[in-house]
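Sequential numbering from 1 along the given sequence is applied to the chain's residues.
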Amino acid sequence: MGNASSVASYEACHLMGCRNSSLDIIKSFIELSPYRPSGTYIFCTRNGNLVVFMNPNDVLQILIHCAELGESDAAEVEKRSMDEHSAYLSELKECLGMHVVVSLDGGPATTTLNDIGLGFGLKSPQAVLCLQAAEEFENRISRNLERIRKYMEKIEVEVEKLRKYKENARISRLGYYDSFKLQNEDDDFHANESWLELAEIWDEIKEMLKEFELLDDFEKKLEIIDLGTKYRRLVEPLDIANFYRHSQG
């Protein structure tokens with residue numbers, strides 16, 4: 001339970017955009033579990049609703065805050081938990097007969113929890129803030145994916161410019177690497193512009209990945225792999241040429 005609480009607290013700080021370096025220090029001497037909720041979670045409430053959550057950040061915060069003792073006596077909580085465990089079978093049969101399903105995937109969870117019967121364990125301001133942060137983080141991922149979708153067209157255009165530049169450099173016999181390194185022609189200047197623009201876009205995407213602000217399977221998408229491979233093959237020689245161009249002083 002202590003480990004789960006530490007994980008939830010760490011994740012909440014991350015969701016809220018906390019950049020305090022002490023969080024990384026905590027990770028060095030507290031082993032945080034790598035496991036997180038996954039899949040679809042259905043909560044059976046006492047007012048006749050089935051509540052569906054698919055946002056793992058929401059689920060983690062709900063589970064940990066509902067499990068907190070709060071102001072209740074430990075013995076009382078233990079007795080209540082045992083009573084609930086013994087009633088699971090009848091509760092499950094009753095829940096399976098419910099027809100009111102409320103999906104909060106991407107929705108305003110914190111504003112409707114009490115209405116659907118899930119506010120019982122989430123009365124503290126901290127719990128509400130954690131859920132709000134989880135919702136905002138999910139929205140941020142959606143916004144980032146939309147931004148990348150728009151970037152894809154721009155990346156394709158700039159990659160094609162570099163491909164043509166490479167072909168023209170080959171025809172001129174000076175070569176792709178040397179042309180970019182010497183920067184003697186207008187085409188070299190325009191290639192440098194494309195190189196800088198692509199680097200800026202990919203740096204932004206890498207930062208999103210570093211902060212886990214994209215979907216978990218983003219790096220596995222064939223479209224991203226294909227475009228990233230084209231970019232790497234075209235840009236790596238230019239990176240080296242740029243390094244030696246400036247190192248010559």
*Asks:* Mark yes when over 12 heavy atoms from residues, nucleotides or ligands other than D217 sit less than 6.0 Å from its CG; otherwise mark no.
*Replies:*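 More than 12 heavy atoms, drawn from other residues, nucleotides or ligands, come within 6.0 Å of this atom.
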*Asks:* Apply side-chain contact (heavy atoms from CB on, under 4.5 Å) to E193 and K161, showing your working.
*Replies:* CA-CA 10 Å; E193 288 183 319; K161 288 180 182 178; over 6 Å; no
*Asks:* Count the heavy atoms belonging to other residues, nucleotides or ligands that lie under 6.0 Å from CD of E219, then report whether that count exceeds 12.
*Replies:*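 No, not enclosed.
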*Asks:* Is the shortest side-chain heavy-atom distance between E207 and E204 below 4.5 Å?
*Replies:*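 A side-chain contact is absent here, since even the closest heavy-atom pair is not under 4.5 Å.
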*Asks:* Determine, for K206 against D203, whether the closest basic-nitrogen to carboxylate-oxygen distance falls under 4.0 angstrom.
*Replies:*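 D203 and K206: salt-bridged.
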*Asks:* Are any of the side-chain heavy atoms of I240 and F180 separated by less than 4.5 Å?
*Replies:*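 No, side chains not in contact.
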*Asks:* Among D188, D187, N192, find the residue that satisfies the side chain to side chain donor-acceptor pair (under 3.5 Å) test when tested with Y165.
*Replies:*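 With Y165 as partner, D188, D187, N192 yield a single side chain to side chain donor-acceptor pair (under 3.5 Å), made by D188.
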*Asks:* More than 12 non-hydrogen atoms from neighbouring residues, nucleotides or ligands closer than 6.0 Å to CZ on R143, yes or no?
*Replies:*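 Result for CZ/R143: enclosed.
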*Asks:* Is the number of heavy atoms from other residues, nucleotides or ligands within 6.0 Å of CD1 (I171) greater than 12?
*Replies:*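 Correct, the count exceeds 12.
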*Asks:* Which other residues end up in the same hydrophobic cluster as F189, if Ile, Leu, Val, Met, Phe, Trp and Tyr are linked when side-chain heavy atoms come under 4.5 Å apart?
*Replies:*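 Members other than F189 - counting any ILVMFWY side chain reachable under 4.5 Å - there are none.
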*Asks:* Is there a side-chain contact between E146 and K150 in this structure, where contact means two heavy atoms from C-beta onward sitting under 4.5 Å apart?
*Replies:*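 Yes, side chains in contact.
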*Asks:* Flag the pair L238 / Y176 as yes when at least one side-chain heavy-atom distance between them is below 4.5 Å, and no otherwise.
*Replies:*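 They are in side-chain contact.
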